[in-house]
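Chain letters run A, B, ... following the sequence lines, proteins first and then strands; every chain starts at 1. From a predicted model like this one, the values you see are computed outputs, not experimental measurements.
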Amino acid sequence: MSGPNDALVALFRELAELTVLDEGSPNAFRVRAYENAREAIQTHRGDLSALSERELTQIDGIGKSTAKKIREFFDAGKISKVDKLREKYPPAFVELSKIPGLGPKTLLRLRDELDIHNVVDLRAAISDQKLRELKGLGAKMEEKLSQAIDRMGLTGKDKRTPIAEALPIARALVSELASLPEVEHAQYCGSLRRFRETVADIDIVVASEKPVEVMDKFVNFAGVRDVIGHGETKTSVLTSSGLQVDLRIVEAHQFGAACQYFTGSKAHNIKLRQRAMDRGWLLNEYGLSDAESGKVIASETEQEIYEALELTLVPPPMREDHGEIEQAQAKALTPAVKLEDLKGDLHVHTSLSGDGKSSLEEIVASAAERGYTYLAITDHGEDLALNGVSCEKLREQRKQIDVLAGQYPKMRLLQGVELNIGPEGGLDYDEAFRRELDWCVAGVHSHFDLDAKLQTQRILRAMEDPTVDAIAHLTGRKIGSRPGIELDIDAVLQKAVETRTAIEINAALPRLDAASDVLFRARDLDVTIVINTDAHHTRELARMEWGALQATRGFVDPARVANSWPRKKFLDWVENRRALKS
DNA sequence: GCCGTTTTCGGCCCGACTGTTTTCAGTCG
């Protein structure tokens, strides 16, 4: 998402990165302060440039010094502290810090004692066996770093994997682990469980009384290419696709604590541990316990741990320290959107679309099996090359839908279409024909490289059209492969409120569009949300689960999700909003 | 660098694994 403070966020990220080197530790208090400041800037709604130094310090996480830097950025276009650090640590040197296993302390010694300033220097020093001359370093370290450099492109510390790639791998590993006779429970945790759109690695927690046996079997799984570390309770491996997987094993009564601990986020857990400390307790991966006596207070389930800390259980996708702890303390936590809340799917394709794989009959039958009480068929509008559908074909489809409707009395079938938003906001067909349809979603399928102003205009114009009920996959992004269109998000959300146009959460893993930070930004606005699968095959109707998690991650109140509403309420809403727009 | 019904100083989350240090520092998550 592009926002007014993006450049500032990037600068603070760099400031934190450079300060890790300057302080010699990623846990240095100054580093954490900069990271907190970046988080505060990132989650702040509205333009910071209008705020004075004093007003800036009112924001949680921003003190006097950070406020000064922010003002300097807006007034002078730079932060001199960053410039100074950049001189001290040039990019080629910072690049070295991305090598796994090489931390700031060793890195600075390599520079000061061996005059190593970049990857080329490091490679030379390793082949000359210079590193082992340093106290505390040896041949093993040279070997380890040499390998790390070789596979750096594949598994550098910064490399992130799209959720669409990581989630299936994690699910396969968890199910393979769960099938072992020694394993009682298995769960993937970490950023994947929080449903972040990209992940650095996969964290898996297993409960077992026989950790050694489980570890030995795990490192021999077919998908494991390389073993990075192998202990009794913790093992790290690389999969054949280069993804790092960390496995932790605890006893069954510690499973909840371990899942909580390894799900994070770091910021969420720090706050939780501070809460534990305030009560004279200790919170770690084995449980919540009394700091003095060591007596365990809660450990078996996450629910018990949150309750002991006087919090309602926070769903994993919300654990980012975005206000969820304060909400949970006040017993006012935004409820999670649950799969069973969703009563219909409002964006599905059939084989009538060139890219659809299942027939109308198959899609309708599968939707009925899921217990839906309404379903909108939305094949591609005619403007989409190859896959679009003419109005004659849609009129024929209408007849088929009417026949099918008789066979599924419990499910209301809507005939809709997925319109293409043209470069200037134009739509398929003519308005009279679009009005014949029960439900229209409209999305961007072309012209991804216009500037932000033009992109915003085309979306706003589409939303003003009386026949557009929802905007599908807001930015058109494909996570990890295609950036979304540039948009003025606040203007789009404002227009969505004005025109009562719903914003879709597209549940396809490569899309997850609108992004959770866009949803988070809309949390206090009266924006209607719809969660859709964009299924092109019956099996893709199951994606709805991901849509619910994405909504939860964006703090979307279930009451604002139109397809969680009972059928009558939903149909009335469609009718009313169309009347209003006309 | 931030923060404060323990407030303007002195705190700031916790533990496993590795390598080479015979008692622990560095790195990572």
Taking 4.0 angstrom as the limit, do Glu302(A) and Arg193(A) come out as a salt bridge? yes

Taking dC17(B) as the reference, what is the distance to dC12(B) when you measure between their P atoms (whole Å, please)? 26 Å

So if I take residues 137-146 of chain A and measure heavy-atom distances to DNA chain B, which residues fall below 4.0 Å? Leu137(A), Gly138(A), Ala139(A), Lys140(A), Met141(A)

Salt bridge or not between Glu53(A) and Lys68(A)? Use side-chain N to carboxylate O under 4.0 Å. yes

Side chain to side chain donor-acceptor pair (under 3.5 Å) pairs, two or more places apart, involving residues 198-208 of chain A: Arg160(A)-Thr198(A)

Residues of residues 293-322 of chain A with a heavy atom under 4.0 Å from any atom of DNA chain B, listed by number, are none

Determine, stepwise, if the pair Lys234(A) / Glu285(A) fulfils salt bridge (charged side-chain N to carboxylate O under 4.0 Å, His left out). CA-CA 12 Å; Lys234(A) 177 181 171 179; Glu285(A) 61 261 59; over 6 Å; no

Please list, chain by chain and in numerical order, all residues satisfying ring-ring contact (aromatic ring centres under 6.0 Å, His included) with Phe93(A), sequence neighbours excluded. none

Presence of salt bridge, Glu17(A) and Lys98(A), under 4.0 angstrom: yes

Can you name the residues that form a salt bridge (Lys or Arg N to Asp or Glu O under 4.0 Å) with Arg132(A), not counting sequence neighbours? Glu142(A)

On the six-membered ring of Phe29(A), is Arg32(A) placed so that its NZ or CZ lies under 6.0 angstrom from the centre and within 45° of the ring axis? no

Which pairs count as side chain to side chain donor-acceptor pair (under 3.5 Å) when at least one residue sits in residues 72-82 of chain A, sequence neighbours excluded? Tyr34(A)-Lys81(A), Arg71(A)-Asp75(A), Glu72(A)-Ser80(A)

With side chain to side chain donor-acceptor pair (under 3.5 Å) as the rule and sequence neighbours excluded, what pairs involving residues 212-223 of chain A come up? Glu182(A)-Lys217(A)

Please report, rounded to the nearest Å, how far the P atom of dC2(B) is from the CZ atom of Arg38(A). 15 Å

Can a side chain N or O of Thr106(A) be found less than 4.0 Å away from OP1 or OP2 on dT27(B)? yes

Partner residues of Arg123(A) under the salt bridge (Lys or Arg N to Asp or Glu O under 4.0 Å) criterion, sequence neighbours left out: Asp150(A)

Dump every N/O contact between nucleotides 15-17 of chain B and the protein below 3.5 Å, one line per pair.
unit_1  : atom_1 : unit_2    : atom_2 : d
dG15(B) : OP1    : Asn284(A) : ND2    : 2.9
dA16(B) : OP1    : Tyr286(A) : OH     : 2.8
dA16(B) : O3'    : Thr233(A) : OG1    : 3.2
dC17(B) : OP1    : Glu232(A) : N      : 3.2
dC17(B) : OP1    : Thr233(A) : N      : 3.0
dC17(B) : OP1    : Thr233(A) : OG1    : 3.2
dC17(B) : OP1    : Lys234(A) : N      : 2.9

Taking NZ, NE, NH1 and NH2 as the nitrogens, is one of them in Asp83(A) or Arg86(A) under 4.0 Å from a carboxylate oxygen of the other? yes

Hey, what's the ring geometry for Phe555(A) with Phe520(A), parallel, tilted or perpendicular (30° and 60° as the breaks)? perpendicular

Kindly indicate whether the side chain of Glu133(A), heavy atoms from C-beta on, has any atom under 4.5 Å from the side chain of Glu113(A). no

In whole Å, measure the gap between the C1' atoms of dT8(B) and dG1(B) for me. 14 Å

Can you sort out which residues in residues 107-123 of chain A have a heavy atom within less than 4.0 Å of DNA chain B? Ascending by number, please. none

Contact list please: residues 161-171 of chain A against DNA chain B, heavy atoms, distance less than 4.0 Å, in numerical order. none

Taking only the C1' atom of each, what is the distance from dT23(B) to dT18(B) in whole angstrom? 15 Å

Of the listed dG29(B), dC2(B), dC12(B), the closest approach to the Thr66(A) side chain comes from dC2(B)

Among dG1(B), dG26(B), dC14(B), find the nucleotide with the atom closest to the side chain of Lys105(A). dG26(B)

Is the shortest heavy-atom distance from the side chain of Leu238(A) to the side chain of Gln244(A) under 4.5 Å? yes

Which of the following nucleotides, dG29(B), dT27(B), dG1(B), is nearest to the side chain of Asp201(A)? dG29(B)

Please state the C1' separation for the pair dT7(B) and dC2(B) - nearest whole angstrom. 13 Å

Short N/O separations, protein against nucleotides 3-9 of chain B, under 3.5 angstrom:
unit_1 : atom_1 : unit_2   : atom_2 : d
dC3(B) : OP1    : Gly61(A) : N      : 2.7

